[in-house]
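Some notes on the structure that comes next.
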Amino acid sequence: MAAVAQCVRGALRPRLPLLSVALRTSPRLLCAATQQKNTGQNLEEDQSLSQNEQKVEPSSAEKLLAEEKAKLEEQLKEVTEKYKRALADAENIRQRSQKLVEEAKLYGIQSFCKDLLEVADILEKATESVPKEEIKDENPHLKSLYEGLVMTETQIQKVFKKHGLLRLNPVGAKFDPYEHEALFHSPVEGQEPGTVALVSKIGYKLHGRTLRPALVGVVKEA
């Protein structure tokens, strides 16, 4: 046994320096490996941080772009609404202006027509005042004068009608306060109450609008 132990020690003795050298160098190797490992981890952490930063930066930019987009869409909506309101106002003004122009064309002559109505009234009274029994061939001057008055009255009524001016002679018609002016109310036998029994003065309408109401007497209940 002693011999065996000596043989083992003899065999190990040449290798002891190598083990000691390995033991002395192993801490350095371990430190270098640890540093390399730490360096790799740090690089990975830096890369992950940079990636996270890159991820954060686009999200912030997208947020700003989204806010800017929302603002622009809101401004576009407001501008569109203002534009539509402006178009509607312009259309309303155009329609009102067109209506005023049309009314001016239709009713711009009403003052002139009122003055002519007096002439028509005079012609009507003149023809009514001529005694019908005197209109004979024996009175050629009176007959010619009467016929001239009738022709003039007929012609002026044609001119009135051409320009939209129509007579209102509502004998027997229902009383209408928009077209007639009642001078008196009187019971009349054989006529319905509320109707026009007598026309004292002829009325006129210009394009459907009463220019001068007819002066009338209205039937009332007895």
Side-chain angles (χ1 to χ4, degrees), residues 26-120 156-170 173-182 194-196 201-216 218:
S26 59
R28 295 179 181 176
L29 293 173
L30 291 172
C31 182
T34 303
Q35 289 179 354
Q36 290 178 357
K37 183 178 181 182
N38 293 334
T39 303
Q41 292 177 353
N42 292 333
L43 289 173
E44 290 177 357
E45 291 177 356
D46 292 340
Q47 289 178 356
S48 63
L49 288 173
S50 63
Q51 290 177 358
N52 291 332
E53 289 177 356
Q54 291 176 358
K55 290 180 180 179
V56 170
E57 288 178 356
S59 63
S60 300
E62 289 175 359
K63 185 177 180 181
L64 291 174
L65 289 174
E67 292 177 355
E68 188 67 21
K69 180 182 176 183
K71 290 180 181 178
L72 291 175
E73 287 178 349
E74 186 66 23
Q75 291 178 359
L76 178 62
K77 184 178 179 181
E78 292 178 359
V79 171
T80 303
E81 290 178 354
K82 290 180 180 179
Y83 175 69
K84 289 180 179 179
R85 286 197 296 269
L87 283 180
D89 293 340
E91 180 63 19
N92 291 334
I93 292 172
R94 187 191 68 80
Q95 292 180 357
R96 286 198 297 267
S97 300
Q98 185 177 359
K99 185 178 180 180
L100 289 174
V101 170
E102 291 176 355
E103 288 183 351
K105 290 180 180 179
L106 291 175
Y107 305 110
I109 60 172
Q110 63 181 2
S111 179
F112 177 68
C113 289
K114 283 183 178 180
D115 293 336
L116 286 180
L117 294 183
E118 300 297 329
V119 177
I156 198 170
Q157 290 299 327
K158 287 182 179 179
V159 174
F160 285 171
K161 186 176 181 179
K162 179 181 178 181
H163 293 279
L165 189 62
L166 301 177
R167 295 181 60 176
L168 290 176
N169 190 7
K174 197 74 175 177
F175 176 77
D176 186 352
Y178 295 102
E179 297 181 356
H180 314 145
E181 182 178 345
T195 57
V196 176
K201 193 172 186 179
I202 296 293
Y204 284 88
K205 294 178 71 174
L206 179 62
H207 295 292
R209 179 187 295 180
T210 301
L211 183 64
R212 188 182 75 183
L215 305 180
V216 299
V218 183

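When reading the values below, keep in mind they use all heavy atoms of this one structure, side chains included, and skip hydrogens, waters and symmetry mates.
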Inset, instruction - Starting at CZ of R167, measure out to NZ of K161 and round the result to the nearest 0.5 Å. - result: 12.0 Å

Inset, instruction - With rounding to the nearest 0.5 Å, note down the distance linking CG in L206 to OH in Y107. - result: 6.5 Å

Inset, instruction - Kindly give the heavy-atom pair with the smallest separation between F175 and V196, and that separation in Å. - result: CA-CG2, 4.3 Å

Legend entry - Value rounded to 0.5 Å, distance of CG in L100 from CD1 in I93: 11.5 Å

Inset, instruction - Quick one: closest heavy-atom pair of P170 and A214, and the distance? - result: CD-CB, 4.0 Å

Inset, instruction - Would you name the heavy atoms of L168 and R212 that are closest together and state the gap between them? - result: CD1-O, 4.4 Å

Legend entry - Check: H163 side chain, H207 main-chain N or O, donor-acceptor pair, under 3.5 Å: no

Inset, instruction - Any chance you could measure E81, atom CD, to K84, atom NZ, to the nearest 0.5 Å? - result: 7.5 Å

Legend entry - Spatial distance of atom CG (N92) from atom CZ (R85) [nearest 0.5 Å]: 13.5 Å

Legend entry - Residue pair A182 / V218: nearest heavy atoms and the distance that separates them: CB-CG2, 3.8 Å

Legend entry - From CA spacing to verdict: side-chain contact (heavy atoms from CB on, under 4.5 Å), K105, V101: CA-CA 6 Å; K105 290 180 180 179; V101 170; 3.9 Å; yes

Inset, instruction - Salt-bridge test for R94 and E91: reply yes if a basic N is under 4.0 Å from a carboxylate O, no otherwise. - result: yes

Legend entry - Straight-line distance of Q95 CD to E102 CD, nearest 0.5 Å: 10.5 Å

Inset, instruction - Given side-chain contact (heavy atoms from CB on, under 4.5 Å), test L211 with L117 step by step and report yes or no. - result: CA-CA 10 Å; L211 183 64; L117 294 183; 4.0 Å; yes

